[in-house]
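For ligands, and for the atoms within them, numbers begin at 1 and follow the listed sequence.
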Amino acid sequence: MITASHINKTYTSPDGAAFQALNDISFSIDQGEFVGIIGPSGAGKTTLLRTLNLFDPPTSGSIVIDGQEVTAPGYPVDRLRQKVGYVFQQCNLFPHLTLMGNITLALTKVQHLPESEARTRALDALNKVSLAEKASAFPSALSGGQQQRAAIARTLALQPKILLLDEPTSALDPTMVSEITGVMRLLAKEGLTMILVTHKMRLARDLAQRILFLDRGSLIEDCPANRIFQQPENPVVRAYIQRIRTLEFNVTSRQFDFYDMMSQIRQFCIRQAIPEKMDPITHIVEEMLLLLGNYHSPVHIEVTHSELDGVAKVVIVHQGESVSPLERPDADELAVMIIRGMSSHIDTDTTPDGIRLTFSI
Ligand code: ADP
Ligand code: MG
C-alpha cells in the first residue's frame, strides 16, 4: 500500500544552514496494516508523516502509494489527499459550523458531492465514531475527546484508504484517551491501513502490529510490535522503551512545602496519564510523612512510573534509620492501615543510606 524508498528531508534555514530531519528512510506497509511510529521528541516522526501525504515533500527519495508514485513530478496532490487522510494533534474544527457542516464542507466543496449524498456520508462517518446524535451540535458544545472523534469522522467521510494520525490523543485529558483508542481499534478491525505517530509506549503496544522507531532522523528499528516491546535489541530503542519517569523530593526540615510537593505529584500523575494512581500515591506520601514526623532524620521521596508496564512506585528512604516506620510499636495504626491498603506490594530494604521502603501501586 505504501512503499517509501530512501527518503531524505532537509530543512534550510533563512541563514542557509541545512538540517537533515530525515535520513535515508525506507520501509513498506501492506494494506490493512496498523503501524506505530515511535521515538524521542524531535526524531522526525511528524516530518515523516507529513512527507507521506506531501504536506512537506521529501527532498529526495520516492514514495509509492496504492501503486502510484506520488513523488513523481506533476503527480496531482488532490488525488493523493483523497486516498490519504490526516488527523492532527489539534482537531481544527470550524467553530462556526456544526459537526454536520464541518464534515459536509469538504465533501461538497472539494469532492463536489451533492448535498444529500454528503449528509449521508457525514452521518455514516459520525456513526462510526459514535457521534451521530451530535450531528447538529457546534464544536464548542463537545468535550475534547468528542471534538477529536469528530475530526476523525471528518477525515473518514472522505473515505481514505490510508489514515495517518499524528499524536491524536496528546492534546486530550487522559480520561478521554480511551474514546480515541476505541475508534482506532474499530477502524483497524475494518481493515483501514493506519499509521499512528505517538510517544505513548502503551498506546503503540496496544494498537500497532508493527513499529517503526525513529531516532535523530533515522529509522533504527522496523519490527513486529510484540518483539520490540518484549525484547528490544537495539540499545537506543531499549533505553527509550524501558525508561522510567521519576519525581524526587528531599524533606530535610519542617519548613518543607508539603502542599507544593502534593501539587507536583498530582501534575506528575496527569502528565503520565495515570490519574487513577493519584489518590494512592498522594495518600501513601502523606501518611508516610505523618509516620515519619516524629523522627527528625531527613527523608528522600521518589515517585516513579514505568510507562511500559504501567507500574507506579513510591520510594521513601528514611536516612540514617534502620527500623521500618511501619513496624515501630508506636506507629499510628490508621496511617499504617491506609498505607498498606493503598499499595499492591511493599518492599523493605536496609541500605547504607537508611531504611528504604518501596510501595508499588
Ligand atoms: P517529532 O515529531 O519526532 O517530535 P519533528 O518531525 O517535528 O519531530 O521534527 C524533527 C526535526 O526537524 C526537529 O529537529 C525539528 O526542529 C525539525 N523541523 C521540523 N519541521 C521543520 C521546519 N518546517 N523547518 C525547520 N526545521 C524543522
Ligand atoms: Mg511530532
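Annotation for ligand 1: atoms under 4.0 Å from non-hydrogen atoms of Ala21 are 12 (O). Listed by number with element, the atoms of ligand 1 under 4.0 Å from a non-hydrogen atom of Ser41 are 4 (O).
One side chain, Ser60 or Asn8, offers a donor N or O that lies under 3.5 Å from an acceptor on the other. Inspection of the His300 and Gln319 side chains reveals no N or O donor paired with an N or O acceptor under 3.5 Å. Residues Gln82 and Asp78 have side chains that never bring a donor and an acceptor to within less than 3.5 angstrom of each other. Using modelled atom types and a 3.5 Å distance limit, the side chains of Ser13 and Asp15 yield a donor-acceptor pair. Side-chain contact annotation: Gln68 with Lys83, donor-acceptor N/O pair under 3.5 Å present. Counted by atom type alone, Thr246 and Glu302 present zero donor-acceptor pairs between their side chains at under 3.5 Å.
The closest non-hydrogen atom to atom 9 (O) of ligand 1, taken over Leu214, Thr10, Ile37, Thr47, comes from Thr47. Considering only non-hydrogen atoms, atom 13 (C) of ligand 1 lies nearest to Gly42 out of Gly217, Gly42, Gly44.
Using a 4.0 Å cut-off between heavy atoms, Pro40 contacts ligand 1 through its backbone alone, with no side-chain atom that close.
Ring centroid separation for the pair Phe258 and Phe256 does not come in under the 6.0 Å cut-off.
The single protein non-hydrogen atom nearest to atom 18 (N) of ligand 1 is Tyr11 CE1, 3.5 Å, given as residue, atom name and distance. Closest protein heavy atom to atom 7 (O) of ligand 1: Thr46 CB, 3.7 Å. For atom 15 (C) of ligand 1, the closest heavy atom belonging to the protein is Phe19 CE2, 4.6 Å.
Remark: side-chain polar atoms of Arg210 are not paired, donor with acceptor, to backbone N or O of Asp222 under 3.5 angstrom.
Salt-bridge formation is detected for the pair Glu327/Arg340: a Lys NZ or Arg NE/NH1/NH2 atom is positioned less than 4.0 Å from an Asp or Glu carboxylate oxygen.
Distance screen at 4.0 Å: atom 25 (C) of ligand 1 has a protein heavy-atom neighbour inside the cut-off.
Between Ala43 and ligand 1, a contact under 3.5 Å exists for at least one N or O pair.
Neighbouring protein atoms of the Mg ion (ligand 2) (N, O or S, distance under 2.8 Å, waters ignored): Thr46 OG1.
Geometrically, Arg243 engages Tyr240 in a cation-pi contact defined by less than 6.0 Å to the ring centre and at most 45° from the axis.
Grouping the Ile, Leu, Val, Met, Phe, Trp and Tyr side chains by contacts below 4.5 angstrom, directly or via other members, places Val197 with Ile29.
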